[in-house]
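I have placed the structure first, in the form of structure tokens, so that the comments after it can refer back to it.
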Amino acid sequence: MDTAIVQSTLLLTLLLSIGLFFFIRAATKDRTERAQLVSEQDETTLMNQLKEYFRSRSYQVTSVDREKNQVAFEGFVRPSWFLAIFLTLLAAVGLVCLSLVLSFLFSSQSKFLLVLVLLSPLSGLFYWRKAGRIEKVSLKLETIQGEQHSSTKITVIAHRDELAELQRALQLKTDD
């Protein structure tokens, strides 16, 4: 095979490997966001629903500030088996591609280059150790007096997936 083709293929494979590395690293990134949601329910009823919702999701109350009307929850988020296996498979495919390209360049060492695939479980292990962590949720409730009725505004700081699930489960609207 032409050396220029192999070298350009190696360059592209290395660039894809770098992308794969950052993809695996991004799987463990903290995605905490702030959202303002609105409910038509009164503050007391809504607070009871919020406490029950977070209790059912294995969160525990860590602090309550009655003056500021804030509550903080904490819970352990387990890593996903599916994502750990998926990232390991992606790393295996990437390392197979890299070792095949390297075997064209270094044909005398080709048998040993496939050993690189044995490094792929490290990506799943990396994800598993970094993704399992304590997540914190902070809630602040405020009553908004309207002309005909009052509503409750909730300021939530939490992981973006938790925000979406909370909004779906309690039928909360975003504050526009």
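Note: hydrogens, waters and symmetry copies are ignored here, and every other heavy atom, side chains too, is used. Remember, it's a predicted structure, so these values are computed and weren't measured experimentally.
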For Glu43, which of Thr152, Asn48, Thr143 qualifies under side chain to side chain donor-acceptor pair (under 3.5 Å)? Thr143
Could you tell me whether Arg31 and Glu33 have a side-chain N and a carboxylate O separated by less than 4.0 Å? no
Look only at the side chain of Ser120 and the backbone of Val117, and say whether a donor-acceptor pair between them is shorter than 3.5 Å. yes
Is any side-chain heavy atom of Leu139 closer than 4.5 Å to a side-chain heavy atom of Thr155? no
Check: Thr174 and Gln167 side chains under 4.5 Å, non-hydrogen atoms: yes
Rounded to the nearest 0.5 Å, what separation is found between the CZ atom of Phe104 and the CD1 atom of Ile5? 11.0 Å
Would you check if Lys173 and Glu40 make a side-chain contact, meaning some heavy-atom pair closer than 4.5 Å? yes
Would you say the side chain of Ile157 lies within less than 4.5 Å of the side chain of Val137, judging by non-hydrogen atoms? no
Taking atom CD of Glu165 and atom NE2 of His159, what is their separation to the nearest 0.5 Å? 13.0 Å
What heavy-atom pair brings Leu105 and Gln7 nearest, and what distance separates the two atoms? CD2-CG, 4.4 Å
Rounded to the nearest 0.5 Å, how far does SG of Cys97 lie from CG of Leu14? 12.0 Å
Atom of Thr32, atom of Asp30 and distance for their closest heavy-atom approach: OG1-OD1, 2.8 Å
Does Glu142, at its CD atom, have more than 12 non-hydrogen atoms belonging to other residues, nucleotides or ligands within less than 6.0 Å? yes
Any chain of hydrophobic side-chain contacts (each under 4.5 Å) joining Tyr127 to Leu118? no
Polar contact flag, side-chain donor to acceptor under 3.5 angstrom, Thr45-Asp42: yes
Which residue in the set Met47, Gln49, Gln171 passes side-chain contact (heavy atoms from CB on, under 4.5 Å) when paired with Gln41? Gln49
Out of Leu141, Leu50, Asp65, Val61, which one pairs with Val71 under the side-chain contact (heavy atoms from CB on, under 4.5 Å) rule? Val61
Closest approach of Arg133 to Lys29 (non-hydrogen atoms, all atoms of both residues): NH2-O, 3.5 Å
For a quick test of your reading: what N or O donor-acceptor pairs under 3.5 Å do the side chains of residues 72-92 make, sequence neighbours left out?
unit_1: Ser80; atom_1: OG; unit_2: Phe82; atom_2: N; d: 3.3
unit_1: Ser80; atom_1: OG; unit_2: Leu83; atom_2: N; d: 3.1
unit_1: Thr88; atom_1: OG1; unit_2: Ala84; atom_2: O; d: 2.8
unit_1: Thr88; atom_1: OG1; unit_2: Gly124; atom_2: N; d: 3.4

Search all heavy atoms of Leu113 against all heavy atoms of Ser99 and return the closest pair with its distance. O-CB, 3.1 Å
Taking side chain as C-beta onward, heavy atoms only, is Leu16 less than 4.5 Å from Leu20? no
What do the steps show when you test Arg25 against Phe126 for side-chain contact (heavy atoms from CB on, under 4.5 Å), and what is the final call? CA-CA 8 Å; Arg25 206 176 99 200; Phe126 171 79; 4.1 Å; yes
If you compare all heavy atoms of Ile24 against all heavy atoms of Ser123, which two are closest, and at what distance to 0.1 Å? CD1-CB, 3.6 Å
Going through the distances and angles, do Val38 and Leu172 end up as a side-chain contact (heavy atoms from CB on, under 4.5 Å)? CA-CA 6 Å; Val38 177; Leu172 302 171; over 6 Å; no
Assess, by modelled atom type and distance only, whether the side chains of Tyr59 and Glu162 contain a donor and an acceptor separated by less than 3.5 Å. yes
When you group the ILVMFWY residues by side-chain heavy-atom contacts below 4.5 Å and let the links chain together, are Val6 and Leu98 in the same group? yes
Mind checking the CG-OG spacing from Leu37 to Ser151? Nearest 0.5 Å is all I need. 12.0 Å
Main-chain N/O of Ser103 paired to Ser107 side chain as donor or acceptor, under 3.5 Å: no
Does the side chain of Leu116 reach to within under 4.5 Å of the side chain of Leu119, using non-hydrogen atoms? yes
Enter the distance from Leu46:CG to Lys51:NZ here, rounded to the nearest 0.5 Å. 11.5 Å
